[in-house]
Amino acid sequence: MTIKSWKERLQAHAGLVAFAMSALVFAILTLAKPHVSKTTVLVPVMKRFVAQGSRVRTSDIEWVSESQLHTVPMSHLTGFAKIPLFPGTIVAPADVGQFSAETVLVAVQPSNAVDARTAVPGGYVDVLVAANHFIKWQSGPLPVVSRSLADGSQASVEVAMRLRQALAYEQAENQGSVELVGFSS
């Protein structure tokens, strides 16, 4: 075959050759994945406690890749702030508590130990101080933190109260019998 006949044959099938070449280039470009550099986002995490007003040094901060962070359920980020939270602060579950700073835990010892069984941790109880068939003091619904069901008559239930409410209970508890009323949650 001569060059002239080869040239004539190529011209006769130029459309087919152009189509084949364009299909080959399209396939290469479609299958080839471009190399994209991945950007790593780093988050500053405190390595040690730094008191309020103390200097934060570069050695106090560890930079952690965001891929190493775990997601936190929204329910773990609701409650009362344990520390001042400023705009731009990354909020962690350790920064948020279940109770406010004015809340105290009070161990209530009901006059009848059976009453302590109405209290379920995570539920609510109403604490009453009754004397002569009258209610001398009533708390309203209080969250139950824990309970101790002793074999004797000294069962106790630990509830969360506001400080003012706890002081009022402390004054009233010796003026009558202490009773608990449970609430279903």
query: Between the side chain of D126 and the main-chain N/O of G140, is any donor-acceptor distance below 3.5 Å?
result: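 Between the backbone of G140 and the side chain of D126 there is a qualifying donor-acceptor contact (under 3.5 Å).
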Test item: R147 side-chain N/O and P121 main-chain N/O as donor-acceptor pair under 3.5 Å: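 Between the backbone of P121 and the side chain of R147 there is no qualifying donor-acceptor contact (under 3.5 Å).
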query: Do V157 and V114 sit in the same hydrophobic cluster, where Ile, Leu, Val, Met, Phe, Trp and Tyr count as joined when their side-chain heavy atoms come under 4.5 Å apart?
result: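 No; tracing contacts between hydrophobic side chains, which count when under 4.5 Å, never links both residues.
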field: Shared hydrophobic cluster, L128 / V120 (ILVMFWY, side-chain heavy atoms < 4.5 Å)
entry: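 No, it is not one cluster - the side chains of L128 and V120 are not joined through contacts under 4.5 Å.
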field: Reference residue V127; test side chain to side chain contact (heavy atoms under 4.5 Å, CB included); the match among V108, V181, D115
entry: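 So the option named by the test is V108.
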task: Check each of L24, L29, T30 against F26 using the side chain to side chain contact (heavy atoms under 4.5 Å, CB included) test, and report the only one that passes.
output: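 It is T30; the other options fail the test.
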Gap separating the [atom1] atom of [X] from the [atom2] atom of [Y], nearest 0.5 angstrom:
X: Q109; Y: L180; atom1: CD; atom2: CG; result: 11.0 Å
X: W137; Y: E170; atom1: CH2; atom2: CD; result: 11.0 Å
X: K136; Y: E173; atom1: NZ; atom2: CD; result: 14.0 Å
X: E158; Y: L105; atom1: CD; atom2: CG; result: 4.5 Å

field: Any donor-acceptor N or O pair under 3.5 Å, side chains N112, E179
entry: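 No - no donor-acceptor pair under 3.5 Å links their side chains.
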query: For the residue pair P110 and S156, what are the closest heavy atoms and their distance?
result: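 Shortest heavy-atom contact: CD-CA, 4.4 Å.
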- prompt: Which heavy atom in V106 sits nearest to a heavy atom in M161, and how many Å separate them?
  reply: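 Taking every non-hydrogen atom into account, CG2-SD, 4.0 Å.
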query: Can you tell if the side chain of L163 reaches within under 4.5 Å of the side chain of T103, non-hydrogen atoms only?
result: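 No, their side chains stay 4.5 Å or more apart.
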